[in-house]
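The structure appears below as structure tokens.
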Amino acid sequence: MDESFTEAVLETVERVPAGHVVTYGLIAERLGRGGARQVGRVMALEGAAVPWWRVVRADGSLPPHLMVDAQRHWRDEGTPVRRGRVIVAEALAPGF
DNA sequence: CGTGTGACTGGGC
DNA sequence: GGCCCAGCCACAC
């Protein structure tokens, strides 16, 4: 993966409004390159620089080690959650 | 060049 | 709902 892909992913994440989310797969689809795993790779390496809690798995969850902090952010932003997972169908960012 | 790994997914049970 | 599994694809060894 090259640097432009990394920047494209981070820029997409920064555009997601508070209270909304996008999935790894949707970001890849939107960019037209890479795949969910590649987006996940970018987040693992540089996600700390952006609102990473607005990028979730297709089922609205995140890896175990991030769930505690993520839930705090989702609560603060009023993101629709159920059983600890974001309700993707309701929280999906406009335009996705 | 073969293998293992992982902030992923969709399908099957 | 949860678990498993194959497919996925860039990367490190």
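To find a chain, count down the sequence lines: A is the first, B the second, and so on, and within it residues start at 1. Every value quoted in this text rests on a predicted model; they were computed, and no experiment measured them.
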Between Trp74(A) and Trp53(A) (side chain of the first, backbone of the second, donor and acceptor by atom type, cut-off under 3.5 Å), is there such a pair? yes
Strictly distance-based, threshold 3.5 Å: is any side-chain N or O of Arg15(A) a donor or acceptor partner for the main-chain N or O of Leu10(A)? no
With sugar-phosphate meaning primed atoms plus P, OP1 and OP2, does Arg85(A) contact a base, only sugar-phosphate, or nothing at under 4.0 Å between heavy atoms? sugar-phosphate
Using atom CH2 of Trp74(A) as one end and atom C1' of dA7(B) as the other, report the distance to the nearest whole Å. 12 Å
Of the listed dA7(B), dC9(C), dG1(C), the closest approach to the Gln38(A) side chain comes from dC9(C)
Ala44(A) has a side chain; which of dG1(C), dA10(C), dA7(B) sits nearest to it? dA7(B)
Do the non-hydrogen side-chain atoms of Val21(A) and Glu77(A) ever get within less than 4.5 Å of each other? no
Report yes or no: is the cationic atom of Arg30(A) (NZ for Lys, CZ for Arg) closer than 6.0 Å to the six-membered ring centre of Phe96(A), at no more than 45° off its axis? yes
dC8(C) and dG12(B), which share atom name P, separated by this distance in whole Å: 16 Å
Dump every N/O contact between nucleotides 9-13 of chain B and the protein below 3.5 Å, one line per pair.
unit_1	atom_1	unit_2	atom_2	d
dT9(B)	OP1	Tyr24(A)	N	3.3
dT9(B)	OP1	Gly25(A)	N	3.1
dT9(B)	OP2	Ala58(A)	N	2.9

Is a donor-acceptor pair below 3.5 Å formed from side chain Arg37(A) to base dC8(C), judging by atom type as modelled? yes
Between CH2 of Trp52(A) and P of dC8(B) the distance, given in whole Å, is 14 Å
Whole-Å distance between dC8(B) C1' and Arg41(A) CZ? 14 Å
Can you check the Asp69(A) CG to dA7(B) P distance for me, whole Å? 16 Å
Donor-acceptor contact below 3.5 Å, side chain Arg54(A) vs main chain His20(A): no
Measure CE/Met67(A) against C1'/dA7(B) and give the value in whole Å, please. 12 Å
For Asp59(A), does its backbone N or O pair with a side-chain atom of Arg85(A) as donor and acceptor, under 3.5 Å? yes
